[in-house]
Amino acid sequence: METSILLFNAKIIDGTGTPPYPGMVAIEKDKILYAGPRREGLQAKKTINLKGRLLVPGFIDMHGHSDLHLMNNPEMEEKITQGITTEVVGNCGMGVYPLSENQSKRELLSQMATDILGTFSKPWPWHDVATYMEFSQKQGCRTRLVPLQAHAPLRIAAMEGNPNRTATQREIATMVELLNQSYDQGAAGLSSGLYYAPCLFANRDEILALLDVTSDRDRLFAVHHRCEGDGVLDSLEEVLGLAFQSHVRIEISHLKAIGKRNQYLVPYMLKLLDSYANKGLEVGFDQYPYTFGSTSLYSLLPPEHLSLSRDDLMAALGERSEREKIKRKIICADGWDSIVSLCGWEAISVMHLDGKEEMKGQSLSSLAVRRGIDPFDLLFDLLMEGPQTAVMADITQTEKSLTTILSHHLGCFGTDALYSGKVRHPRSYSATRHLLTRYGKELKTIPLEQLIAKMTSIPAKRLRLDDRGIIKKNLLADLVVLDMDSMDDNGYPGKGIDFVVKGGEVVFENV
């Protein structure tokens, strides 16, 4: 029997969490024809001797933000060279569909998306999930996409005027109608970012209405909950309680506790998740493998100021009395995560700021000292210039907390990769290699086969993707060849990842 590709002399980690075994995999077209011990009689147009290297399923990024980046860069080298063959888009409540026919609403969504998702160089030619997916395929997107329906575009499309307010019952009904349409077109679930405007202004009635239809359609609720700092337990309790009431499957996005004073809460967070799982709630979380994160510099401001239009915000930042008011709210935050209060100015650095290339990688504390001004005034001055893209890095947690979360059975892998700025967090191009090198090879936090499961079969099951995530006959031939001896996350892109196969086609080769 002749097949398309034969990968032999491999050490197979099949994605189920079971130990590796020596074997081979035969591929016919886009499917796995055979996976198991060495078998005589198999022939192939292309044979690859793996020389004892690891063969694993293609990685699934449970938490991506490539929604617009992939339109500009359909080759998706940053993900493919990590071995990521499937990515979930539309996370944290921020997405790019549905699009209203109202031009001002389209412009507002584009403006809100910029910090997290970046820009697309042309007018957006899609208007819903179906047309977005069609256009991504026309662009030749190399990764497989799993679309979520983001909450922010629903609010913008359904609400009149400023969406940074409580929605009316009529507007909620419109959101539900739009969400159902997205599910009809293949959306895998709903995502919300209750930390970010405009989603943070959603009340309980709105969230429950969206979760009820999500549950009825057996889709996933992925949520960046309101507080990951001082109020993290209450915040988790809120979304877990809503999910339990709605009987909806829930995915907690990028689980962590922010701030030195809150690291002791991590075991209590995990215990809370377990308690809901024991009550029958289908609950899980994703995690990126770094102690520092990345998000919009604007998110350092209090929610009431994030609710302002950009023009009104600029005006407020220009008034001394308003600056003092913002400063007090940041120092004594009530009901929201103040990264400044939790982590300190020295833990916050510029990753990208329009027109400020010289500031890349520098902390706000050091920049303030250099200018001889208060860090608050530095922040306000920078934001007053109205940069479209303003991205920061912030050290949020300890490695002990990270490894504790990573070891938990309800967790899976996500990059939380942002491509909105020119300088990027390493999770955007090296997250899988960092995870495998640091926590698989060096620290041996958990057995490698279990780590691979968190990157493959566990997210596949959570997303109801029964055609991938495991090396098994008749499943998609999405595969990665790993050379763990040479792998590190400091070298050239893809170091230690020798082959990436997607749908039976070698899309990356590094030997």
Side-chain angles (χ1 to χ4, degrees), residues 61-79 84 87-100 105-129 131-133 135-136 139 141 143 145-157 163 182 187-200 222-224 253-254 286 288 293-299 306 310 351-354 386-393 414-425 427-429 431:
D61 183 354
M62 191 71 179
H63 192 101
H65 289 291
S66 301
D67 311 50
L68 292 179
H69 181 67
L70 61 88
M71 300 301 184
N72 294 312
N73 302 274
E75 293 296 309
M76 288 302 294
E77 296 94 343
E78 299 95 336
K79 291 294 176 75
I84 294 169
E87 175 178 356
V88 181
V89 294
N91 277 291
C92 288
M94 183 50 65
V96 294
Y97 46 77
L99 284 180
S100 169
K105 290 187 176 186
R106 296 170 74 98
E107 291 174 357
L108 177 59
L109 179 57
S110 176
Q111 182 185 72
M112 283 190 170
T114 299
D115 274 353
I116 303 297
L117 305 180
T119 60
F120 180 50
S121 55
K122 302 174 183 177
W124 297 357
W126 57 84
H127 58 86
D128 56 14
V129 175
T131 51
Y132 171 83
M133 294 295 286
F135 187 74
S136 71
Q139 291 290 91
C141 180
T143 50
L145 300 182
V146 178
L148 298 175
Q149 175 54 63
H151 192 179
L154 290 180
R155 298 197 105 231
I156 291 170
S182 294
L190 169 75
S191 86
S192 188
L194 298 176
Y195 175 75
Y196 298 108
C199 304
L200 67 88
V223 59
H224 180 159
S253 297
H254 41 61
D286 51 72
Y288 56 83
S294 178
T295 190
S296 169
L297 200 62
Y298 286 98
S299 67
L306 292 177
R310 191 58 61 92
M351 293 199 72
H352 176 82
L353 193 62
D354 292 343
Q388 270 202 320
T389 306
V391 182
M392 68 179 187
T415 64
D416 198 14
L418 305 182
Y419 300 105
S420 53
K422 294 179 182 178
V423 176
R424 294 165 182 165
H425 192 295
R427 69 191 184 195
S428 299
Y429 52 84

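All of these numbers come straight from a predicted model, not from anything done at the bench.
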| said: Could you walk me through whether Leu154 and Leu190 satisfy the side chain to side chain contact (heavy atoms under 4.5 Å, CB included) test, starting with their C-alpha distance in whole Å, then the side-chain angles of each, then the deciding distance to 0.1 Å, before giving a yes or no? | reply: CA-CA 10 Å; Leu154 290 180; Leu190 169 75; 4.1 Å; yes
>> Using side chain to side chain contact (heavy atoms under 4.5 Å, CB included), reason through His63 and Tyr288 one step at a time and then give a plain yes or no.
In response: CA-CA 9 Å; His63 192 101; Tyr288 56 83; over 6 Å; no
- After noting the C-alpha distance and the side-chain angles of His65 and Asp416, does the key distance pass the side chain to side chain contact (heavy atoms under 4.5 Å, CB included) rule? CA-CA 6 Å; His65 289 291; Asp416 198 14; 3.0 Å; yes
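Taking CD1 of Ile116 as the reference point, atom OG of Ser299 lies at 7.5 Å (rounded to 0.5 Å). Atoms OG and CG, from Ser136 and Leu70 in turn, are 6.5 Å apart once rounded to the nearest 0.5 Å. Distance OG/Ser110 to CG/Leu99: 9.5 Å, rounded to 0.5 Å. Distance check, rounded to the nearest 0.5 Å: NE2 of His352 to CZ of Arg424 gives 10.0 Å. Considering NZ of Lys122 and CZ of Phe135, their distance stands at 6.5 Å, rounded to 0.5 Å. From Asp61, atom CG reaches atom CG of Asp286 across 8.5 Å, with rounding to the nearest 0.5 Å.
With sequence neighbours excluded, the residues forming a side chain to side chain donor-acceptor pair (under 3.5 Å) with Ser182 are Gln149, listed by chain and number. Looking at residues two or more places apart in sequence or on another chain, you find a ring pair (Phe, Tyr, Trp, His ring centres under 6.0 Å) between His224 and Tyr195, Tyr196, His254.
Of all non-hydrogen atoms in Ser100 and Lys105, the two that sit nearest each other are OG-CD, 3.6 Å. Between Lys79 and Tyr419, the shortest heavy-atom contact is CE-OH, 3.2 Å. When every heavy atom of Arg427 is checked against every heavy atom of Ala417, the shortest pair comes out as O-CB, 4.0 Å. Contact between Pro387 and Leu353 at its shortest, heavy atoms only, is CG-CD1, 3.8 Å. The shortest non-hydrogen separation linking Ala197 to Leu306 is CB-O, 3.9 Å. Across all non-hydrogen atoms, the minimal contact from Cys199 to Leu194 is O-CD2, 3.6 Å.
Using a 30° and 60° split on the angle between ring planes, Tyr97 and Tyr132 fall in the tilted class, from 30° to 60°.
Inspection of the Glu87 and Thr143 side chains reveals no N or O donor paired with an N or O acceptor under 3.5 Å.
Between Pro163 and Leu108 there is a side-chain heavy-atom pair separated by less than 4.5 Å.
Put simply, the side chain of Ser428 gets close to the backbone of Leu418: a donor and an acceptor are under 3.5 Å apart. Not a single donor-acceptor pair under 3.5 Å links the side chain of Trp124 to the backbone N or O of Arg106. Between the Asn91 side chain and the Gly64 main chain, a donor and an acceptor come within less than 3.5 Å of each other. A distance-only check finds a donor-acceptor pair linking the side chain of Ser294 to the backbone of Met392 [under 3.5 Å]. In this structure a side-chain-to-backbone donor-acceptor pair under 3.5 Å is present from Ser191 to Gly93.
Among residue pairs with one or both ends in residues 63-76, those qualifying as salt bridge (charged side-chain N to carboxylate O under 4.0 Å, His left out) are Glu75-Arg142; sequence neighbours excluded.
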